[in-house]
Amino acid sequence: MTAFPVFLLGLLLGLSESLLSPEQLKDMSVQGSKYITEQFENAINGVKNMKVLMDNTGKEHQEILHSLEETKKNKEEALRRALDSEQQLTEKQEVCNETMLALWEECKPCLKQTCVRFYSKTCRSGSGLVGRQFEEFLNRSSPFTILINGEKIDALTKEDEEQHMTLEDLEDGYSVVEDSVDKIFQDSIKAFGQMRQMFNSPFHRSFLEPQWNPFPIQRLGFPFSGSERRRERSLQFNPYFTGNFESLFEAAQKMMERNHHLAHNGMMWNGREGNATDGKMVCRELRRNSAGCLKLQEKCEKCKEILAIDCSGIDPVQQHLKETYVDSVRLAEKFTKQYDDQLQEFRDKMLNTTGLLERLNQQFGWVSRLANMTQNEKNGIFQIATVYSKTKSGEDPSDTKVTVKLFDHDPFTFMVPGDIPMEDPKFGELVAAEALKRYKTEVIEAA
């Protein structure tokens, strides 16, 4: 390791009471280099653990996606059967009783007016939009909608759309995390390759085992179409992992809260007024699904008259269709709840993994930044260039001023407390620890 120029060293150390020879500086540098090497090896192993964790999470991810796909098929089939039976029942009701159609025409404006009045009283704004949405729903519905609680189908359809958006958000978040871990791992391999001469053989072999060779990591496939499109979109807003992972974790947490509210507040309102907290929930629900205003049907006489009409005696097939509809809605609700539970499991696993990766990255991720910042320096990875102290005989030891070179960065100059003597065997290690700390804060975090 090349020593600092002797003439400059003598000039600086001549002012100090404790003179260090070039050989002593070299020995201190060797001590410090051992510490830096150990920290580098620990960081490399930490990054390996991050990659192992992410790969194991990828396997669980595939299992969750497979379960989601199966539940999605069952849910969509139940919804299809419910819609088919609803359509057939609607046609039979319209044929069996013209009085019901007449009552329906008088029921609709009352329902809309009641809905808008209730919303205006309960919520701050948006009554016009909710009123228009509810009117559109009524115009494409039939009187049978009241008889079978038709708002359930509309609510389940809305829920299906929101669950799809939730999955898209979760997949985007997962892709950001996965891509970031891959980047850290690949950059760490690059940094290791540039600095491999400082490692002992056992560590060198353990890091470059076949499963950790420096070649592109083959990604696990996604069973959902559009996964590559989602990955490309996620890369557009993927911050560099080191130093930005905490913000990514916070963003994922906010996403979890947003989707959680959307997924669980549907079909909760019973049509009655409640306290302020309930009112906020009702406003969200009606903005999300205005068909919920059907629950106000008891406030309209013509709507209540429809409930008293029964056409089942005219057409025996109608009873079977009603049973099919009820069973299909029940199954659709069951699979919707199951799908939501699976989404929650996915969300929990992602956030738990992200939290652990965040902690690992804070501790070890710095090593990946050496891929671009570090070259093969002739003077090694660490060198104590000068040590300067003004301590005089009989006085308390003063702080020691040291200048060090770490990796390829410009020299750091800082003070070492005077109660740590230069003769201490750990002096070089303590200086290296402080230098590495400053490197992380002043170079890596500031980048």
Side-chain angles (χ1 to χ4, degrees), residues 71-112 114-115 130-164 263 266-271 285-286 288-300 302-340:
T71 305
K72 178 184 177 183
K73 291 178 181 178
N74 292 331
K75 178 181 63 173
E76 290 177 345
E77 175 61 21
L79 275 173
R80 185 192 63 77
R81 291 180 59 201
L83 288 169
D84 286 348
S85 55
E86 180 188 26
Q87 178 62 32
Q88 294 180 55
L89 277 169
T90 298
E91 293 171 355
K92 290 194 174 290
Q93 287 283 3
E94 290 175 349
V95 171
C96 84
N97 200 322
E98 294 183 2
T99 302
M100 184 181 291
L101 294 177
L103 289 171
W104 177 238
E105 292 304 314
E106 296 182 70
C107 168
K108 288 191 292 184
C110 176
L111 271 178
K112 178 188 174 183
T114 303
C115 177
V130 171
R132 289 192 297 274
Q133 290 175 340
F134 188 46
E135 183 177 17
E136 292 174 0
F137 169 76
L138 292 174
N139 288 337
R140 65 175 184 267
S141 302
S142 73
F144 182 64
T145 302
I146 289 182
L147 292 174
I148 60 171
N149 296 321
E151 75 276 4
K152 285 189 175 183
I153 288 291
D154 202 60
L156 286 168
T157 302
K158 293 281 187 181
E159 187 84 357
D160 182 65
E161 294 172 358
E162 287 173 0
Q163 288 180 335
H164 176 72
M267 296 181 289
M268 293 174 63
W269 178 49
N270 59 10
E285 180 180 350
L286 292 181
R288 166 184 174 267
N289 180 24
S290 61
C293 280
L294 281 177
K295 296 171 183 177
L296 297 168
Q297 59 190 260
E298 292 186 359
K299 297 183 181 295
C300 296
K302 298 301 181 181
C303 298
K304 288 195 292 184
E305 290 181 27
I306 294 176
L307 295 173
I309 298 176
D310 184 11
C311 297
S312 59
I314 300 176
D315 188 353
V317 177
Q318 191 175 118
Q319 185 62 32
H320 174 69
L321 289 173
K322 281 185 178 180
E323 292 174 357
T324 301
Y325 173 84
V326 171
D327 288 343
S328 298
V329 169
R330 178 181 56 79
L331 284 175
E333 290 177 331
K334 171 189 172 182
F335 288 123
T336 295
K337 175 64 168 59
Q338 182 177 330
Y339 194 90
D340 196 53

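Values below: every heavy atom of this structure, side chains too, minus hydrogens, waters and symmetry copies.
- Taken together, Cys293 and Cys115 meet the criterion of an SG-SG distance shorter than 2.5 Å.
- Residue Ser328 holds its OG atom at 8.5 Å from CZ of Arg80, rounded to the nearest 0.5 Å.
- Checked by atom type and distance alone, the side chain of Glu106 never pairs as donor or acceptor with a backbone atom of Leu103 at under 3.5 Å.
- In this structure, CD on Gln297 lies 7.5 Å from SG on Cys107, to the nearest 0.5 angstrom.
- The structure places CZ of Phe335 at 11.0 Å from CG of Leu79, a figure rounded to the nearest 0.5 Å.
- The shortest heavy-atom contact between Gln338 and Thr71 is NE2-OG1, 3.2 Å.
- Among all heavy-atom pairs drawn from Ala332 and Ala78, the shortest one is N-CB, 3.6 Å.
- For the side chain to side chain contact (heavy atoms under 4.5 Å, CB included) with Val329, the qualifying choice from Lys152, Lys334, Arg81, Glu86 is Lys152, the only one to do so.
- The OG atom of Ser85 lies 9.0 Å from the NE2 atom of His320; values are rounded to the nearest 0.5 Å.
- By the 4.5 Å heavy-atom criterion applied to side chains, Ile153 and Tyr325 are counted as neighbours.
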Using the rule given for side chain to side chain contact (heavy atoms under 4.5 Å, CB included), can you reason through Leu138 versus Leu294, listing the C-alpha separation, both sets of side-chain angles and the distance that settles it, and then say yes or no?
CA-CA 9 Å; Leu138 292 174; Leu294 281 177; 4.2 Å; yes
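- The CZ atom of Phe137 sits 7.5 Å away from the CG atom of Asn289 when rounded to the nearest 0.5 Å.
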Apply the test side chain to side chain contact (heavy atoms under 4.5 Å, CB included) to residues Asn74 and Leu331: give CA-CA distance (whole Å), side-chain angles for both, the deciding distance (0.1 Å), then the verdict.
CA-CA 8 Å; Asn74 292 331; Leu331 284 175; over 6 Å; no
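- Among the candidates Lys158, Lys72, Lys75, the single residue satisfying the side chain to side chain contact (heavy atoms under 4.5 Å, CB included) test with Gln163 is Lys75.
- At distances below 3.5 Å, at least one donor-acceptor pair connects side-chain atoms of Asn139 with backbone N or O atoms of Glu135.
- Donor-acceptor pairing under 3.5 Å is lacking for the side chains of Glu159 and Thr336.
- Using a cut-off of 4.0 Å between Lys/Arg side-chain N and Asp/Glu carboxylate O, Arg330 and Glu333 are scored as not salt-bridged.
- To the nearest 0.5 angstrom, Glu105 atom CD is 7.5 Å from Leu101 atom CG.
- Cysteines Cys303 and Cys110 keep their SG atoms at least 2.5 Å away from one another.
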